[in-house]
Amino acid sequence: MLNLRKTLFCGQCFRWRETAPGIFCGTVGNRFAVFSQQDFPQLSSDPFWHHYFDLDTDYAALNQQLAALNSNLQKASLHGAGIHILRQDPWEALCSFILSQNNNIPRIQGIIGRLCGGEENPPESYNGFFQKAAAYPFPRPETLASYSVEDLAPLRCGFRARYILDAARKVTDGTVQLEKLHTAPLEEARASLMQIIGVGPKVANCTLLYGLHRMDAFPMDVWMKRAMKRWFPGTKPETFGPAAGLAQQYIFDFIRNGE
DNA sequence: CACCAGGCTCCGA
DNA sequence: TCGGAGCATGGT
(Lines give C-alpha, C1' and ligand atoms only; values in the text may rest on other atoms or scores of the structure.)
Protein backbone atom coordinates (compact mmCIF):
# COMPACT_ATOMS: atom_id res chain seq x y z
CA MET A 1 0.00 0.00 0.00
CA LEU A 2 1.45 3.32 -1.07
CA ASN A 3 2.25 5.73 1.74
CA LEU A 4 1.78 9.28 0.49
CA ARG A 5 3.84 11.07 3.12
CA LYS A 6 6.79 8.70 2.86
CA THR A 7 6.68 8.74 -0.92
CA LEU A 8 6.44 12.50 -1.34
CA PHE A 9 8.98 13.50 1.33
CA CYS A 10 11.68 10.87 1.09
CA GLY A 11 13.82 13.23 -0.99
CA GLN A 12 12.94 12.07 -4.48
CA CYS A 13 10.80 15.11 -5.39
CA PHE A 14 10.64 18.70 -4.22
CA ARG A 15 7.35 20.23 -5.28
CA TRP A 16 4.95 18.79 -2.73
CA ARG A 17 4.01 20.44 0.57
CA GLU A 18 2.09 19.08 3.52
CA THR A 19 0.00 22.21 4.00
CA ALA A 20 -2.03 20.81 6.86
CA PRO A 21 -1.68 17.53 8.73
CA GLY A 22 -2.33 14.81 6.19
CA ILE A 23 -3.02 17.25 3.35
CA PHE A 24 -0.56 17.17 0.45
CA CYS A 25 -0.45 19.85 -2.25
CA GLY A 26 1.68 19.74 -5.34
CA THR A 27 1.96 20.20 -9.05
CA VAL A 28 2.79 17.51 -11.57
CA GLY A 29 2.90 18.53 -15.21
CA ASN A 30 0.20 21.16 -15.38
CA ARG A 31 -1.99 19.55 -12.75
CA PHE A 32 -2.28 21.02 -9.30
CA ALA A 33 -3.48 18.48 -6.78
CA VAL A 34 -4.61 18.30 -3.19
CA PHE A 35 -4.51 14.77 -1.79
CA SER A 36 -4.83 12.99 1.49
CA GLN A 37 -4.02 9.38 2.26
CA GLN A 38 -7.73 8.59 2.12
CA ASP A 39 -7.78 9.46 -1.57
CA PHE A 40 -6.31 6.02 -2.22
CA PRO A 41 -7.31 3.73 -3.79
CA GLN A 42 -9.77 6.04 -5.51
CA LEU A 43 -6.81 7.85 -7.04
CA SER A 44 -5.61 4.69 -8.71
CA SER A 45 -8.54 4.83 -11.12
CA ASP A 46 -7.17 8.04 -12.65
CA PRO A 47 -4.66 7.00 -15.33
CA PHE A 48 -2.51 10.09 -14.85
CA TRP A 49 -1.98 9.60 -11.11
CA HIS A 50 -1.91 5.85 -11.46
CA HIS A 51 1.13 6.26 -13.67
CA TYR A 52 2.77 8.99 -11.60
CA PHE A 53 2.57 6.98 -8.40
CA ASP A 54 3.75 3.84 -10.21
CA LEU A 55 0.83 1.75 -9.03
CA ASP A 56 1.47 -1.04 -11.52
CA THR A 57 4.79 -2.02 -10.01
CA ASP A 58 4.61 -4.80 -7.45
CA TYR A 59 6.53 -3.20 -4.59
CA ALA A 60 5.65 -6.02 -2.21
CA ALA A 61 7.47 -8.43 -4.47
CA LEU A 62 10.47 -6.12 -4.80
CA ASN A 63 10.56 -5.72 -1.02
CA GLN A 64 10.68 -9.44 -0.61
CA GLN A 65 13.51 -9.75 -3.08
CA LEU A 66 15.53 -7.05 -1.35
CA ALA A 67 14.78 -8.29 2.14
CA ALA A 68 16.03 -11.73 1.20
CA LEU A 69 19.45 -10.39 0.22
CA ASN A 70 20.59 -9.10 3.57
CA SER A 71 19.20 -8.73 7.08
CA ASN A 72 20.13 -5.07 7.30
CA LEU A 73 18.51 -4.36 3.99
CA GLN A 74 15.48 -6.17 5.34
CA LYS A 75 15.26 -3.62 8.17
CA ALA A 76 15.64 -0.73 5.76
CA SER A 77 12.99 -2.11 3.43
CA LEU A 78 10.58 -2.66 6.31
CA HIS A 79 11.10 0.93 7.37
CA GLY A 80 10.68 2.18 3.81
CA ALA A 81 7.65 0.03 2.99
CA GLY A 82 5.06 2.22 1.32
CA ILE A 83 7.58 4.28 -0.63
CA HIS A 84 7.06 4.20 -4.37
CA ILE A 85 9.55 5.53 -6.89
CA LEU A 86 7.55 8.21 -8.66
CA ARG A 87 7.47 8.51 -12.43
CA GLN A 88 8.59 12.10 -12.62
CA ASP A 89 9.30 14.20 -15.67
CA PRO A 90 12.94 13.61 -16.71
CA TRP A 91 13.70 17.27 -17.27
CA GLU A 92 12.24 18.30 -13.94
CA ALA A 93 14.20 15.57 -12.18
CA LEU A 94 17.43 16.59 -13.92
CA CYS A 95 17.01 20.23 -12.86
CA SER A 96 15.96 19.28 -9.36
CA PHE A 97 19.01 17.17 -8.70
CA ILE A 98 21.38 19.69 -10.26
CA LEU A 99 19.95 22.16 -7.75
CA SER A 100 20.25 19.62 -4.95
CA GLN A 101 24.04 19.47 -5.00
CA ASN A 102 25.70 20.71 -1.80
CA ASN A 103 22.27 21.85 -0.68
CA ASN A 104 19.53 20.89 1.72
CA ILE A 105 15.97 19.87 1.07
CA PRO A 106 14.12 22.94 2.43
CA ARG A 107 16.25 25.28 0.36
CA ILE A 108 15.96 23.08 -2.71
CA GLN A 109 12.20 23.28 -2.34
CA GLY A 110 12.40 27.06 -2.11
CA ILE A 111 14.61 27.44 -5.18
CA ILE A 112 12.40 25.16 -7.26
CA GLY A 113 9.32 26.97 -6.03
CA ARG A 114 10.80 30.26 -7.22
CA LEU A 115 11.91 28.66 -10.49
CA CYS A 116 8.31 27.66 -11.14
CA GLY A 117 6.99 31.06 -10.12
CA GLY A 118 4.66 29.79 -7.46
CA GLU A 119 6.38 31.41 -4.53
CA GLU A 120 6.02 34.90 -5.96
CA ASN A 121 2.59 34.35 -7.45
CA PRO A 122 0.60 32.24 -5.05
CA PRO A 123 -3.06 31.73 -5.88
CA GLU A 124 -5.27 33.33 -3.27
CA SER A 125 -6.08 30.02 -1.73
CA TYR A 126 -7.02 26.52 -2.63
CA ASN A 127 -9.64 25.05 -0.37
CA GLY A 128 -7.97 27.05 2.36
CA PHE A 129 -5.02 24.71 2.33
CA PHE A 130 -2.76 26.43 -0.11
CA GLN A 131 0.41 27.81 1.35
CA LYS A 132 3.45 27.84 -0.82
CA ALA A 133 3.10 24.74 -2.89
CA ALA A 134 3.91 25.93 -6.39
CA ALA A 135 0.77 25.60 -8.45
CA TYR A 136 2.70 26.36 -11.61
CA PRO A 137 4.14 23.99 -14.17
CA PHE A 138 7.88 23.39 -14.22
CA PRO A 139 9.52 25.62 -16.87
CA ARG A 140 10.43 23.82 -20.09
CA PRO A 141 14.07 23.59 -21.19
CA GLU A 142 13.44 25.81 -24.24
CA THR A 143 12.23 28.54 -21.92
CA LEU A 144 15.18 28.31 -19.56
CA ALA A 145 17.65 28.09 -22.44
CA SER A 146 16.82 31.66 -23.40
CA TYR A 147 17.80 32.99 -19.98
CA SER A 148 21.14 34.20 -18.67
CA VAL A 149 22.82 33.65 -15.33
CA GLU A 150 21.75 37.16 -14.36
CA ASP A 151 18.14 36.32 -15.16
CA LEU A 152 18.31 33.49 -12.66
CA ALA A 153 19.71 35.64 -9.85
CA PRO A 154 16.32 35.89 -8.10
CA LEU A 155 16.39 32.12 -7.63
CA ARG A 156 19.37 32.50 -5.28
CA CYS A 157 20.67 29.14 -6.37
CA GLY A 158 24.26 30.39 -6.46
CA PHE A 159 26.84 28.60 -8.57
CA ARG A 160 24.20 26.17 -9.78
CA ALA A 161 22.63 28.76 -12.11
CA ARG A 162 25.09 28.14 -14.92
CA TYR A 163 24.60 24.40 -14.52
CA ILE A 164 20.86 24.75 -15.02
CA LEU A 165 21.39 26.85 -18.13
CA ASP A 166 23.88 24.39 -19.59
CA ALA A 167 21.39 21.59 -18.99
CA ALA A 168 18.62 23.59 -20.65
CA ARG A 169 20.78 24.28 -23.71
CA LYS A 170 22.02 20.72 -24.12
CA VAL A 171 18.53 19.29 -23.76
CA THR A 172 17.09 21.85 -26.16
CA ASP A 173 19.71 21.39 -28.86
CA GLY A 174 19.58 17.61 -28.66
CA THR A 175 23.04 17.05 -27.19
CA VAL A 176 21.26 15.17 -24.42
CA GLN A 177 18.13 13.32 -25.50
CA LEU A 178 16.32 12.53 -22.31
CA GLU A 179 13.68 10.26 -23.81
CA LYS A 180 16.34 8.00 -25.27
CA LEU A 181 17.71 7.36 -21.80
CA HIS A 182 14.72 5.18 -20.97
CA THR A 183 16.21 2.35 -22.99
CA ALA A 184 19.90 3.23 -23.33
CA PRO A 185 22.40 1.05 -21.45
CA LEU A 186 22.92 2.40 -17.95
CA GLU A 187 26.53 3.47 -18.43
CA GLU A 188 25.71 5.13 -21.73
CA ALA A 189 22.81 7.01 -20.20
CA ARG A 190 24.98 8.14 -17.31
CA ALA A 191 27.72 9.34 -19.64
CA SER A 192 25.21 11.25 -21.74
CA LEU A 193 23.92 13.17 -18.74
CA MET A 194 27.44 13.87 -17.50
CA GLN A 195 28.10 15.93 -20.62
CA ILE A 196 26.22 18.64 -18.78
CA ILE A 197 28.36 20.98 -16.70
CA GLY A 198 27.56 20.39 -13.07
CA VAL A 199 26.27 16.86 -13.57
CA GLY A 200 28.44 14.21 -11.96
CA PRO A 201 27.70 10.57 -11.20
CA LYS A 202 25.38 11.34 -8.30
CA VAL A 203 23.13 13.77 -10.17
CA ALA A 204 23.16 11.53 -13.24
CA ASN A 205 22.07 8.51 -11.21
CA CYS A 206 19.36 10.44 -9.42
CA THR A 207 18.04 11.69 -12.75
CA LEU A 208 17.98 8.16 -14.09
CA LEU A 209 16.28 6.70 -11.04
CA TYR A 210 13.72 9.40 -10.34
CA GLY A 211 13.25 10.98 -13.76
CA LEU A 212 13.49 7.93 -15.98
CA HIS A 213 12.46 5.26 -13.49
CA ARG A 214 15.68 3.37 -14.01
CA MET A 215 15.45 1.17 -10.93
CA ASP A 216 18.86 -0.26 -11.75
CA ALA A 217 20.56 3.12 -11.17
CA PHE A 218 22.24 3.39 -7.81
CA PRO A 219 23.03 6.96 -6.67
CA MET A 220 26.23 6.67 -4.66
CA ASP A 221 27.05 9.60 -2.38
CA VAL A 222 28.62 10.24 1.01
CA TRP A 223 25.49 9.06 2.80
CA MET A 224 25.36 5.91 0.81
CA LYS A 225 29.07 5.24 1.16
CA ARG A 226 28.70 5.56 4.91
CA ALA A 227 25.66 3.31 4.92
CA MET A 228 27.36 0.71 2.75
CA LYS A 229 30.43 0.67 4.95
CA ARG A 230 28.35 0.36 8.09
CA TRP A 231 25.63 -2.07 7.09
CA PHE A 232 26.94 -3.81 4.02
CA PRO A 233 30.71 -4.08 4.45
CA GLY A 234 32.33 -5.58 1.40
CA THR A 235 29.10 -5.32 -0.58
CA LYS A 236 28.87 -3.60 -3.94
CA PRO A 237 25.80 -1.85 -5.34
CA GLU A 238 25.49 -4.55 -8.01
CA THR A 239 24.61 -6.94 -5.22
CA PHE A 240 21.23 -5.27 -4.92
CA GLY A 241 20.35 -6.35 -8.42
CA PRO A 242 17.79 -4.80 -10.75
CA ALA A 243 16.05 -2.97 -7.88
CA ALA A 244 19.24 -1.32 -6.62
CA GLY A 245 17.67 2.12 -6.94
CA LEU A 246 14.79 1.15 -4.71
CA ALA A 247 17.23 -0.33 -2.20
CA GLN A 248 19.14 2.93 -2.24
CA GLN A 249 15.96 4.88 -1.51
CA TYR A 250 15.06 2.62 1.40
CA ILE A 251 18.53 2.95 2.87
CA PHE A 252 18.52 6.72 2.44
CA ASP A 253 15.16 6.99 4.15
CA PHE A 254 16.37 4.68 6.88
CA ILE A 255 19.38 6.89 7.62
CA ARG A 256 17.31 10.06 7.69
CA ASN A 257 14.33 8.87 9.68
CA GLY A 258 15.18 5.53 11.15
CA GLU A 259 18.54 4.10 12.12
C1' DC B 1 30.72 32.67 14.80
C1' DA B 2 31.33 27.87 12.93
C1' DC B 3 29.48 24.25 10.54
C1' DC B 4 26.58 21.84 7.35
C1' DA B 5 23.70 20.82 3.25
C1' DG B 6 21.35 14.07 -1.36
C1' DG B 7 28.36 17.36 -5.26
C1' DC B 8 30.92 19.05 -8.82
C1' DT B 9 34.74 21.59 -10.99
C1' DC B 10 39.23 22.74 -11.07
C1' DC B 11 43.81 22.42 -9.80
C1' DG B 12 48.16 20.36 -8.32
C1' DA B 13 50.81 16.37 -7.26
C1' DT C 1 43.94 8.94 -10.88
C1' DC C 2 43.55 10.90 -6.53
C1' DG C 3 42.86 14.44 -2.85
C1' DG C 4 41.41 18.79 -1.34
C1' DA C 5 40.02 23.53 -1.65
C1' DG C 6 36.45 26.51 -3.41
C1' DC C 7 32.03 27.27 -4.56
C1' DA C 8 26.86 30.75 -3.25
C1' DT C 9 23.37 30.60 -0.15
C1' DG C 10 20.63 29.84 3.85
C1' DG C 11 19.65 27.36 8.08
C1' DT C 12 20.96 25.94 12.75
Side-chain angles (χ1 to χ4, degrees), chain A residues 5-17 76 79-80 83-86 88 90 92-115 119-120 132 134 147-171 175-176 187 189-232 237 240 244-259:
Chain A
R5 183 181 285 109
K6 284 187 189 176
T7 297
L8 297 177
F9 301 114
C10 65
Q12 64 172 315
C13 58
F14 302 98
R15 298 206 61 204
W16 290 88
R17 305 284 191 277
H79 187 267
I83 294 178
H84 282 206
I85 304 296
L86 298 169
Q88 300 185 64
E92 178 172 338
L94 172 59
C95 275
S96 297
F97 285 95
I98 287 174
L99 292 168
S100 80
Q101 68 180 258
N102 197 297
N103 211 341
N104 57 70
I105 290 175
R107 192 159 83 98
I108 299 165
Q109 290 176 327
I111 291 169
I112 292 176
R114 291 190 288 278
L115 178 60
E119 305 288 331
E120 281 76 16
K132 284 191 170 179
Y147 292 162
S148 66
V149 170
E150 293 73 35
D151 294 329
L152 298 188
L155 295 182
R156 286 168 287 153
C157 66
F159 58 87
R160 306 168 191 85
R162 73 187 185 95
Y163 300 163
I164 293 293
L165 294 182
D166 192 59
R169 294 193 191 106
K170 290 198 166 107
V171 167
T175 304
V176 176
E187 285 306 321
R190 183 181 293 126
S192 178
L193 288 167
M194 286 174 62
Q195 295 177 96
I196 297 164
I197 307 290
V199 175
K202 175 68 196 309
V203 171
N205 274 308
C206 283
T207 302
L208 289 170
L209 176 57
Y210 302 117
L212 291 134
H213 213 264
R214 295 290 298 256
M215 297 269 248
D216 48 349
F218 192 90
M220 197 57 137
D221 62 331
V222 289
W223 284 63
M224 197 45 58
K225 282 176 184 166
R226 200 189 89 192
M228 294 288 285
K229 189 174 178 182
R230 178 164 175 185
W231 287 312
F232 315 106
F240 298 136
L246 182 63
Q248 178 273 164
Q249 183 59 69
Y250 285 160
I251 296 165
F252 178 76
D253 181 66
F254 187 57
I255 298 176
R256 288 198 71 101
N257 308 315
E259 191 167 4

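Here is the naming used below: chain letters follow the sequence lines, and residue numbers restart at 1 for every chain. This one's a predicted model, so the numbers in the text were calculated from it and none came from an experiment. In what follows, every heavy atom counts, from backbone to side chain, and hydrogens, waters and symmetry copies are set aside.
Summarising the geometry, the separation between CD on Glu150(A) and P on dA8(C) is reported as 13 Å, rounded to the nearest angstrom. Per the geometry, CZ belonging to Arg162(A) stands 9 Å off P belonging to dA8(C), to the nearest Å. The CG-P distance, from Leu152(A) to dT9(C), rounds to 12 Å in whole Å.
Ring-plane geometry between Phe14(A) and Phe97(A) is classed as perpendicular, the angle between the planes exceeding 60 degrees on a 0 to 90 degree scale with a lower cut at 30. The aromatic rings of Phe254(A) and Trp231(A) are tilted relative to each other, their planes meeting at an angle between 30° and 60°.
A donor-acceptor contact closer than 3.5 angstrom is absent between the side chains of His79(A) and Asn257(A). Checking Ser100(A) against Asn103(A) by side-chain atom types alone, no donor-acceptor pair falls below 3.5 Å.
Protein chain A contacts DNA chain B from dA5(B) to dT9(B), reading 5' to 3' and using non-hydrogen atoms of the protein with a distance under 4.0 Å.
Look at the C1' atom in both dC3(B) and dC7(C): the space between them is 16 Å, to the nearest Å. Taking the C1' atom of each, dG6(B) and dC2(C) are spaced 23 Å apart, rounded to whole Å. A distance of about 22 Å separates the P atoms of dC8(B) and dG10(C), rounded to the whole Å.
Scanning all heavy atoms of the two residues, the minimum distance from Ile255(A) to Ala227(A) falls at CD1-CB, 3.5 Å. Minimum heavy-atom separation, Arg162(A) to Ile197(A): NH1-CG2, 3.7 Å. For Ile105(A) against Gly11(A), the heavy-atom pair with the smallest separation is CD1-CA, 4.2 Å. In plain terms, the two heavy atoms of Gln12(A) and His84(A) that are nearest each other are NE2-O, 2.7 Å. Nearest heavy-atom pair, Phe252(A) versus Cys10(A), reported as atom, atom and distance to 0.1 Å: CE2-O, 3.3 Å. When every heavy atom of Leu99(A) is checked against every heavy atom of Ile108(A), the shortest pair comes out as O-CG1, 4.1 Å.
Residue Arg160(A) is classed as a base contact, given a heavy-atom separation below 4.0 Å to a base. Note on Ile108(A): nothing from the nucleic acid sits closer than 4.0 angstrom, heavy atoms only.
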Write down the protein N/O and nucleotide N/O pairs, taken from nucleotides 10-12 of chain C, whose separation is under 3.5 Å; answer none if there are no such pairs.
unit_1	atom_1	unit_2	atom_2	d
dG10(C)	OP1	Arg156(A)	NH1	2.9

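Residues Phe252(A) and Tyr163(A) each lie close to DNA chain B; by heavy-atom proximity, the contact nearer the 5' end of the strand is made by Phe252(A). Along DNA chain B, the nucleotide closest to Met194(A) and the one closest to Ser100(A) are compared, and the more 5′ of them pairs with Ser100(A).
For the atom pair Leu193(A) CG and Leu208(A) CG, the distance stands at 5.0 Å (nearest 0.5 Å).
Near DNA chain B, meaning a heavy atom under 4.0 Å from it, residues 5-14 of chain A has Cys10(A), Gly11(A) in order of number.
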